[in-house]
Structures are given as C-alpha cells and as structure tokens.
Amino acid sequence: MRKIVSGIVLIASTVLFAQDSFNLQSLFYKAQGDTNQWNTSSGPRGVITGSDLDQDGRPEIFATDYANNGTVHAFEWYYGDTLVHVWSSATFTEYGTGTRWVQTGDTDGDGLGEVIFFSGYWQTDTTAGLYVYEWDGINDNGYGIVGTDGRMKPSWHRNLFTAYDDTLKYVRVEHFTVDDIDGDGRDEIIYAGNGSTNPNYGTKSTTHAAYSEDRFVIAGVSGDIGSSITPPVLNEEFAASPRDTDKDGVRENKFGGGSPQGAVVADTDGDGKKEAVCFAWNNLSCFIIEATGPDAYTQSDTGYKFTDIDDWTLAPTVADMNKDGKDEVYVGAFYKGIVYVVGDADGDATTFTTSEYAPIDSLASSWDATKNRGNVYALGAAASNNAFGDPAFFVGHGKGFSKYDLTGTDIFSSASYTRTTFSVDTLQTGGANKIAAGGSIDKDKFGEVVVAYQGVSDSIYVGTDSVRANPTRVFLRVMEWTGASSELAVRDIVLITPEDYKLSQNYPNPFNPTTTIEYTLPIASKITISIFNVMGQEVAQLIQNQDKPSGTYQVTWNGMDKNGNQVASGTYFYSMRFGNFTKTKQMTFMK
C-alpha cells in the first residue's frame, strides 16, 4: 500500500462572479514498474463514472488505456480517499489504434450491466471492432469471461468490418453513446464511425444504397450476450452519413460533410422522443437523428458547419441548463477553442435552423495564424443536471477544465453563462482530453469531476537531472465539488493497485513433504489460491473464493492433489487470484 502525500496546488481563475470550488479528492499515480496499466507515457484518453455494474454498492470509474493496445481499467472507491484498481480488460497487441472512449449499458436487456468500448482501426486487424464485457451476475467486478491466463476476456467481440452487409476498410470510433434511444427496452450503441472517403468502400449494402463509410450508426443487439442458444447479433438499426445524406452514392455534403467524431443522445424539443446529435470533423458540422419508435428514425432537414475552419470535437455533452424540460447539447471546437450550444427554438428537433445553435464562449485568448488554431484547445465536455446544485456543464482544456453555470435566461446568449476555470500547477503534464462529471464515487452529497490525462511525461526534471519534481505520473484526478467556497485543498490519499497484493516465494523450495506460502492483502479481499502443473491444469485448490481481512497470511500445501493423491516430482505453479488479477510463482516438489 502506498500512501501519497501530494504537494500539488489547485488554482481557480474565475470569470464573472462564480464561487464554486473543487477539492482534490483522489489522485492516481502510475507507479514505476507497475505493469498493469498505462505502460507507456501516453495515458487514458477517456474516463467515465457513475455506474455500479456489479451492484456491490461501490461506484466504478472506467478509464481507457490509449497506448496499451485497447485496454480499459476499472477503479472503485474503498473508504476515505482511497481508490482501488479492481479490473482490467484483456490486452491485444494487434490493435492498430488505442481505445478512445468507454461506456456502460445493457444492450441485450437482460439486466446485467456491460462495459462497452471499441478498439482497432484497420480492415486487416481481425481483433478490431466492438468489445462487450458483461457482468457475470455473481462475482465482484466479474466483467467478461475468465481466460486460461486468469485475465478477463470479452463476453462478446464483433468485428465491424463483417458486422453489416457492407465493404468497409476503416472504422475508428472516437466517441459514442449507449442509450435506449428508441424506447424498445434495450440500449443501442450510437457511434461515430470515422471511416474512409474512398468510393470503393461502403458500397455493397443490400439494405441501403451506396454511400460513404464515414457514417454515424445506431446499432442494436438481438439475442443474448453470452448465450450459445440465442447468440447476440449486432444490427444496424439506422445509419447516416454527413457526406451523402440521401445515401444515393452522390456526396452532396448536406449535413456538412466530414468524418464522424461524436454523438450524444438528448431530447432537445422535449417531446419525449430522443435524438442523436451528431458532430463531424469538417468545420465542426452538426445534424440530428430523431427516434420516432422502436428501430425507427428520421433525420433533420439540414445540418450546419459551426466554425470557419476545419474543426472537430473530442466529446460533446448534454444538460438541461434552464430546467425547461428540453435538453441542450454543449460542444467545444478543438482548434478554435469555442464552446457552442445546440438547442430547440421551434418545438421540432428535426427542423434544424440557424437560430438553434450559437457560440457561447471562447477559451482561446490568442490565435496562431501559422497553425490556424487558438492557444487553448477546447477538449471533451461533460455535464450533470443535479450533482452540483443547479445544472452545470464542463469543458476540458489544457491541464484543467472550466465549469459553466447558467446565470441568465437565454441559452443562446453568451451573457447568460458564468465560467469558472480550474487548472493545476505547471508540474502536471498531459491534457484532459475527456472528462466525466456528476458521479459520486464515495456516495456523499458532493458531485465530482474526474479528469483523465493523456500524454503524461515519465518525469519532470527541475534544474538538474538529479532533481525530479514528479518522479511518478499523475493519470487520474477526482475533483469533489464543495459548493460555495473560496478554499481549494489537497488531501492525502491512498491508492491500492495490484502491486500492493504480495505473494511471497514458498519455503522451503524445493520441498518435501510440505511447503508454506505467504501472502499479503492490503485491503479486505476475496481470494483464491490454486496449484497448477506445467500443463496449466489445476491440481489443488488451497483457498477457494474466501473473504479475508487485510493482513499477512500463510497457507500450507502438503503435495497432495484434489483427489488426495501425492503429486509427482517436478515443477508446479501457485497462483493467487483477487478480482480479475492473478499473481503466480513457481516451486519444485521433490520426492
């Protein structure tokens, strides 16, 4: 167990007259030598919070591992200011690009929560596509299927290049939303499929005419994930291209054109029918798809380019800032640093007019004409209607984020919004590409903003190479809202990782007739200790899924297998499993 006393100071700069503040609740460092997460200097590209998929009363934080070949990690609050790394998905070295976003939901409608993400990019990558880890309904953090190596494998994988009746070459998903958008009792996956503009791809569908494989897809699942009797099927319920609106193979760019980047679900006109508000990388173009019934959808009459340069977003968000029962969508233009609002003015989401979107803030204070971008990038956005008093939304930028409150009445007027900016000191590296807002992992009355940093340096040297100001790397921050306050504080925190679970070498070794195995648990845990032969077959189980308090323990093995027979001389392995992590050591039995 490592107790980290942080010297990082939070700085709040206020625009207008906001008084909110955030306390640094939990700080996650990547320990040198820890091979379980973020093994390069890249870090997480996205983070979400607010779910309790395994129903253990401990909300989870899920964060992507952008450089570690598509891995997703889960953290839970344990007590006080303690986060525990409790789960990781499988790692595949074949991925062509890292995982950019993660969501939770129930796509097959069986009541078992799922961890959902996309990885990969290239058509030649057979491991690319959609990954679903479903909770097994029994075990704590039991998401997916236990593989032979002790790590969790996906409950379901679907290669997007063969999922539909299309010829696709590229599918890169930057952002997506999981929601029951059409009200059929099962969550759909609404994803921004950034593909190819080559007309030779995406042209062989029998269900719709040829059109660009740059498309937004609303996908539903039929069948039951994990079932061999009614296996799951990924169905394309609807697809739309910003390049080819009517799907006739001619690209008129009616919706603004561009590569899909982000999609969120909202009810902007308050009619009870949800919409997918879609953003593409072409001057931050936007259009709307409304669900009119189960598996039934209609597109907006037009779309718009918001900015005057080629621009895009990392993550839009949804909030009802004026509490009128109609959602607004907030999005930051990455290069321009401008924050936009999309709302309803005429009572019909599918009638999209120029009066239904507007810029409400500019984060950039200067412009670099040579690079055609501002000095501050607008990163991902997040929001909550109730976790921070009144509704609030947040936009990441640099090493921190800005909180927006509606203090006026006109949602389309910049004068109606108050911005408060929170940033960290200059020692932090990386950017807050995507953030999460609204959860409360410690289940108190205060909402939190979770910041994930991508592009984190290994260390920071001050003055000389022998003085390291940041010998470990900060990847996650959990910022707790304190309400009206002028004080910002940094508290000591404890982080529990798999490295804190100790499995000692058995003694004596080699041994005959008995040997002792010592292990240490940093927190109360449910563990299993098993013996395996060189073929990977379990020959004995010393502890089976037992709850143990924190502490150091010893267990003895007498060289007998599970049938009471003495094993043959040779090499054996003893393994300690906790959560979906396993530690293994080798030993020798000699007659």
Side-chain angles (χ1 to χ4, degrees), residues 1 36 52-58 60 74 76 78 84-90 112-113 133-155 226 496-589:
M1 184 187 306
N36 289 290
D52 181 11
L53 292 191
D54 57 356
Q55 302 175 26
D56 64 352
R58 299 184 183 278
E60 303 102 3
E76 283 184 344
Y78 187 67
V84 184
H85 182 189
V86 294
W87 179 87
S88 290
S89 65
L112 300 176
Y133 287 77
E134 186 176 65
W135 180 47
D136 60 17
I138 301 172
N139 295 301
D140 190 29
N141 303 300
Y143 312 121
I145 302 169
V146 180
T148 56
D149 59 357
R151 291 176 65 86
M152 284 296 185
K153 305 299 182 184
S155 306
I496 306 296
T497 78
E499 295 304 303
D500 295 315
Y501 288 78
K502 306 299 181 184
L503 181 63
S504 302
Q505 187 63 52
N506 66 301
Y507 61 90
N509 186 42
F511 69 96
N512 183 0
T514 63
T515 189
T516 298
I517 298 169
E518 185 174 283
Y519 60 95
T520 299
L521 307 179
I523 59 174
S525 307
K526 184 172 290 187
I527 68 161
T528 295
I529 295 182
S530 300
I531 310 295
F532 297 87
N533 60 24
V534 293
M535 302 297 293
Q537 300 166 321
E538 186 182 69
V539 299
Q541 198 167 83
L542 308 183
I543 298 176
Q544 182 179 7
N545 207 29
Q546 289 185 13
D547 288 306
K548 295 278 189 179
S550 61
T552 298
Y553 299 88
Q554 294 178 345
V555 63
T556 300
W557 184 42
N558 59 6
M560 298 292 182
D561 65 15
K562 57 181 65 177
N563 296 318
N565 302 315
Q566 190 174 65
V567 300
S569 297
T571 299
Y572 293 86
F573 300 90
Y574 58 100
S575 176
M576 178 176 71
R577 179 174 178 80
F578 49 98
N580 78 314
F581 297 105
T582 302
K583 291 198 170 185
T584 302
K585 288 187 179 293
Q586 180 178 314
M587 61 183 171
T588 302
F589 176 66

>> Can you confirm if the aromatic rings of Phe511 and Phe589 lie within a centre distance of less than 6.0 Å?
In response: yes
>> Testing the basics here: between Tyr143 and Glu60, what is the closest heavy-atom pair and its distance to 0.1 Å?
In response: OH-OE2, 2.9 Å
> Are Leu542 and Ile531 close enough, and set up right, to give a side chain to side chain contact (heavy atoms under 4.5 Å, CB included), and what steps lead you there?
Replying inline: CA-CA 8 Å; Leu542 308 183; Ile531 310 295; 4.0 Å; yes
> Of all residues at least two apart in sequence or in a different chain, which pass the side-chain contact (heavy atoms from CB on, under 4.5 Å) check with Ser550?
Replying inline: none
>> As an exercise, state the distance from CG of Asn141 to OH of Tyr133, rounded to the nearest 0.5 Å.
In response: 14.0 Å
> Is the closest side-chain heavy-atom distance between Thr516 and Asn506 below 4.5 Å?
Replying inline: no
> Taking atom CG of Leu112 and atom CD of Gln55, what is their separation to the nearest 0.5 Å?
Replying inline: 8.0 Å
> Taking the six-membered ring for Trp, are Tyr574 and Trp557 ring centroids under 6.0 Å apart?
Replying inline: no
>> Check whether Asn533 reaches the backbone of Gly536 with its side chain - one donor and one acceptor, N or O, closer than 3.5 Å.
In response: yes
>> Can you give me the closest heavy-atom contact between Thr582 and Ser575, atom names plus distance?
In response: CG2-OG, 2.7 Å
>> I'd like to know whether Glu134 forms a side chain to side chain contact (heavy atoms under 4.5 Å, CB included) with Leu53, so could you lay out the CA-CA distance, the side-chain angles of the two residues, the decisive distance to 0.1 Å, and finally the verdict.
In response: CA-CA 9 Å; Glu134 186 176 65; Leu53 292 191; over 6 Å; no
> Which pair of heavy atoms, one from His85 and one from Ala74, lies closest together, and at what distance?
Replying inline: CD2-O, 3.3 Å
>> Set out, in order, the CA-CA distance, both residues' side-chain angles and the distance that settles side chain to side chain contact (heavy atoms under 4.5 Å, CB included) for Asp54 and Glu76, then state yes or no.
In response: CA-CA 11 Å; Asp54 57 356; Glu76 283 184 344; 3.6 Å; yes
>> To check you understand the geometry: which heavy-atom pair defines the closest contact between Lys583 and Phe578, and what is its length?
In response: CG-CE2, 4.0 Å
>> So which atom in Gly144 and which in Ser155 form the shortest heavy-atom distance, rounded to 0.1 Å?
In response: CA-OG, 3.3 Å
>> Using only atom types and a distance under 3.5 Å, with no angle test, would you say the side chain of Asp136 pairs donor to acceptor with the backbone of Ile138?
In response: yes
Residues 518-529 side chain polar contacts: donor-acceptor under 3.5 Å, at least two apart:
residue: Glu518; atom: OE1; partner: Gln554; partner atom: NE2; Å: 3.1
residue: Thr520; atom: OG1; partner: Thr552; partner atom: OG1; Å: 3.0
residue: Ser525; atom: OG; partner: Tyr501; partner atom: OH; Å: 2.9
residue: Ser525; atom: OG; partner: Ile523; partner atom: O; Å: 2.8
residue: Thr528; atom: OG1; partner: Asn545; partner atom: N; Å: 2.8

> Taking the side chain as C-beta and beyond, is there a heavy-atom pair between Lys585 and Phe573 under 4.5 Å?
Replying inline: no
>> Testing the basics here: between Asp56 and Arg58, what is the closest heavy-atom pair and its distance to 0.1 Å?
In response: OD1-N, 2.9 Å
> Roughly how far, to the nearest 0.5 Å, is the CZ atom of Phe532 from the CD atom of Glu538?
Replying inline: 5.0 Å
> Is the closest side-chain heavy-atom distance between Met576 and Ile517 below 4.5 Å?
Replying inline: no
> Between Asp52 and Gly57, is there a donor-acceptor pair closer than 3.5 Å when you use the side chain of the first and the backbone of the second?
Replying inline: yes
>> So Arg577 and Ser530, do their side chains get closer than 4.5 Å, heavy atoms only?
In response: no
